[in-house]
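For ligands, and for the atoms within them, numbers begin at 1 and follow the listed sequence.
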Amino acid sequence: MNTAPNVFTDVFSGAKLGPVTLRNRIIKAATFEASTPDALVTDDLITYHRLPAAGGVGMTTVAYCAVTPGGRTEGKQIWMRPEAVPGLRKLTDAIHAEGAAISAQIGHAGPVADSRSNKATALAPVRFFNPIAMKFAKKATRDDIDDVIEAHANAARIAIDAGFDAVEIHLGHNYFASSFLSPLINRRTDEFGGSLENRAKVARGMVLAVRRAVNDQIAVTAKLNMSDGVRGGISLDESLQTAKWLEEDGGLDAIELTAGSSLVNPMYLFRGDAPVKEFAGAFKPPMRWGVRMMGRKFLREYPYREAYLLRDAKKFRAELTMPLILLGGITNKETMDLAMAEGFDFVAMGRALLAEPDLINRIKADASVRSRCTHCNQCMPTIYSHTHCVVTGAPDHVPAS
Ligand SMILES: Cc1cc2nc3c(=O)[nH]c(=O)nc-3n(C[C@H](O)[C@H](O)[C@H](O)COP(=O)(O)O)c2cc1C
């Protein structure tokens, strides 16, 4: 349960996340690693997470463990299957040895899935063109929806077998569940379209299926869009209602609040510089030329500021009692303290920990330490090769502190 806003909550104090106790309230947010060429754990992936674990986070999040092969944003991503368990177990053991917990982000990318590299059909609320795959996602049937929901439960069971402490269900960024929530994308007229109650059925169904599968063996969190940042997309009011239902359903131990759409407005997630040239460079012609020409429309620039999602997140904090995780532009101790003072139970950090995996230990030793992340966002296109920070070289070259 969330305690009332309290300026004295120390971000470095231990905290319960459902059945799990974290050594502090700082979570490494999912940043897709691009370290799994055979869709299985590699030593590279282990290093990627061992560094922030050794660097002091309470919990690290393995990005995008897809629930089915067709639910991946590209065909080299791990999908949760028995064959992946021995490698995942090696990974969770390595993180536990550093004193941190580890969560698996489980999800289905829906219209964002790359059916070409997955060699499997993508699914969406309606037939939908994916410009990266240059293919259409199929309109999901009722059976497809049931299968995706059940696949989330299976993925959570696999996470338990592999030694994870938590799963984070992806309900954001216009992936499968989020695309159903979006009135812009979800134009269905059946029981999954129309009213918010109908559009929220997939997200709520996934959470309850996962909860039933895990009981209280591990923690269950969700990453939920507060808004898509797109006219006609998921709005703050609708998302708040969805969050209230998720709270009432009782399936979640915490919600991590995010925003933006990988499909139509990715920069709303990040803020800061839009790396159009570098993004285009990640593709081969003619896609490269298309991205160069259309890039500014797709990668819109938004000013960056610390805790840029706080204003919206406070509206959720005011109306919900369950634990909430603040994300977006958290890079230093003052911002962490602000998040605690505003009543958030945890903070999640992406880019700053990608740039400097040891940042948390350094902040703990000296609260005046500042992040070297410049929110240039050039780490973003590196997800198409091998994710790293172009400023510090981490995680391949651990920056000297
Ligand atoms: C290189 C990179 C990869 C990312 N991959 C994922 C991902 O796989 N899943 C996800 O939910 N968010 C992903 N994100 C978004 C982050 O989790 C986070 O929401 C975002 O970076 C904002 O937090 P920050 O300001 O602390 O970086 C990614 C971000 C970056 C920079």
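For Tyr268 and Asn225, the side-chain atoms include no donor-acceptor pair closer than 3.5 Å. For the 3.5 Å distance criterion, the side chains of Thr141 and Lys138 fail to qualify, holding no donor opposite an acceptor. Judged by distance alone, the side chains of His49 and Thr60 do bring a donor and an acceptor atom under 3.5 Å apart.
In terms of protein heavy atoms, atom 9 (N) of ligand 1 is closest to Gln105 OE1, 2.9 Å. For atom 2 (C) of ligand 1, the nearest protein heavy atom (residue, atom name, distance) is Thr31 CB, 3.8 Å. Ranking protein heavy atoms by distance to atom 16 (C) of ligand 1, first place goes to Ala30 O, 3.4 Å. For atom 23 (O) of ligand 1, the closest heavy atom belonging to the protein is Leu327 CD1, 3.6 Å. When hydrogens are left out, the protein atom nearest atom 5 (N) of ligand 1 is Phe32 N, 2.8 Å; that is the closest non-hydrogen contact. The nearest heavy-atom contact from the protein to atom 22 (C) of ligand 1 is Tyr308 OH, 3.3 Å. When only non-hydrogen protein atoms are considered, atom 10 (C) of ligand 1 lies nearest to Lys223 NZ, 3.4 Å.
Taking any N or O of Arg351, backbone or side chain, at least one lies under 3.5 Å from an N or O belonging to ligand 1. Considering both main-chain and side-chain atoms, Phe270 never comes within under 3.5 Å of ligand 1 through any nitrogen or oxygen pair. Distances between N or O atoms of His170 and those of ligand 1 include at least one value under 3.5 Å. For a threshold of 3.5 Å applied to N or O pairs, the pair formed by Gly329 and ligand 1 contains at least one separation below that value.
Contacts between Ile383 and ligand 1 below 4.0 angstrom, taking non-hydrogen atoms only, involve the side chain exclusively.
For the pair Arg127 and Phe136, the distance from NZ or CZ to the six-membered ring centre is under 6.0 Å and the angle to the ring normal is within 45 degrees.
Within the structure, salt bridge (charged side-chain N to carboxylate O under 4.0 Å, His left out) contacts touching residues 52-78 (residues at least two apart or in different chains) do not occur.
The closest approach between His375 and ligand 1 stays at or above 4.0 Å for every heavy atom of the residue. Ligand 1 lies nowhere less than 4.0 angstrom from a heavy atom belonging to Ala352.
Considering OH of Tyr304 and CZ of Arg271, their distance stands at 10.5 Å, rounded to 0.5 Å.
With respect to Arg116 and Asp114, no salt bridge is recorded, no charged nitrogen being found less than 4.0 Å from a carboxylate O. Classification of Lys90 and Asp43 as a salt-bridged pair holds, one side-chain N sitting under 4.0 Å from a carboxylate O. A salt bridge is absent between Arg362 and Asp366: the closest approach of a Lys/Arg side-chain nitrogen to an acidic carboxylate oxygen does not fall below 4.0 angstrom. A salt bridge is defined here as a Lys NZ or Arg NE, NH1 or NH2 lying under 4.0 Å from an Asp or Glu carboxylate O, and Arg211 with Asp249 fails to meet this definition.
Classification of the Phe180-Phe176 ring pair by plane angle, with boundaries at 30° and 60°, yields tilted.
Those atoms of ligand 1 that come under 4.0 Å of a heavy atom in Met349, given as number and element, are 26 (O). Each of the atoms 15 (C), 22 (C) of ligand 1 lies under 4.0 Å from some heavy atom of Leu269. Close approach of ligand 1 to His173 (heavy-atom distance below 4.0 Å) involves ligand atoms 10 (C), 11 (O), 12 (N). The ligand atoms of ligand 1 that sit less than 4.0 angstrom from a heavy atom of Ala63 are 8 (O). Applying the 4.0 Å criterion to heavy atoms of Cys379 picks out, from ligand 1, the atoms 1 (C), 31 (C). Of all the atoms in ligand 1, the ones that sit under 4.0 Å from a non-hydrogen atom of Gly350 are 24 (P), 26 (O), 27 (O). Residue Ala29 has at least one heavy-atom neighbour below 4.0 Å for each of these atoms of ligand 1: 17 (O).
Glu150 is linked by a salt bridge (charged side-chain N to carboxylate O under 4.0 Å, His left out) to Arg157, counting only residues two or more places apart in sequence or in another chain.
Distance alone, capped at 3.5 Å, places no donor-acceptor pair between the Arg50 side chain and the Ala94 backbone.
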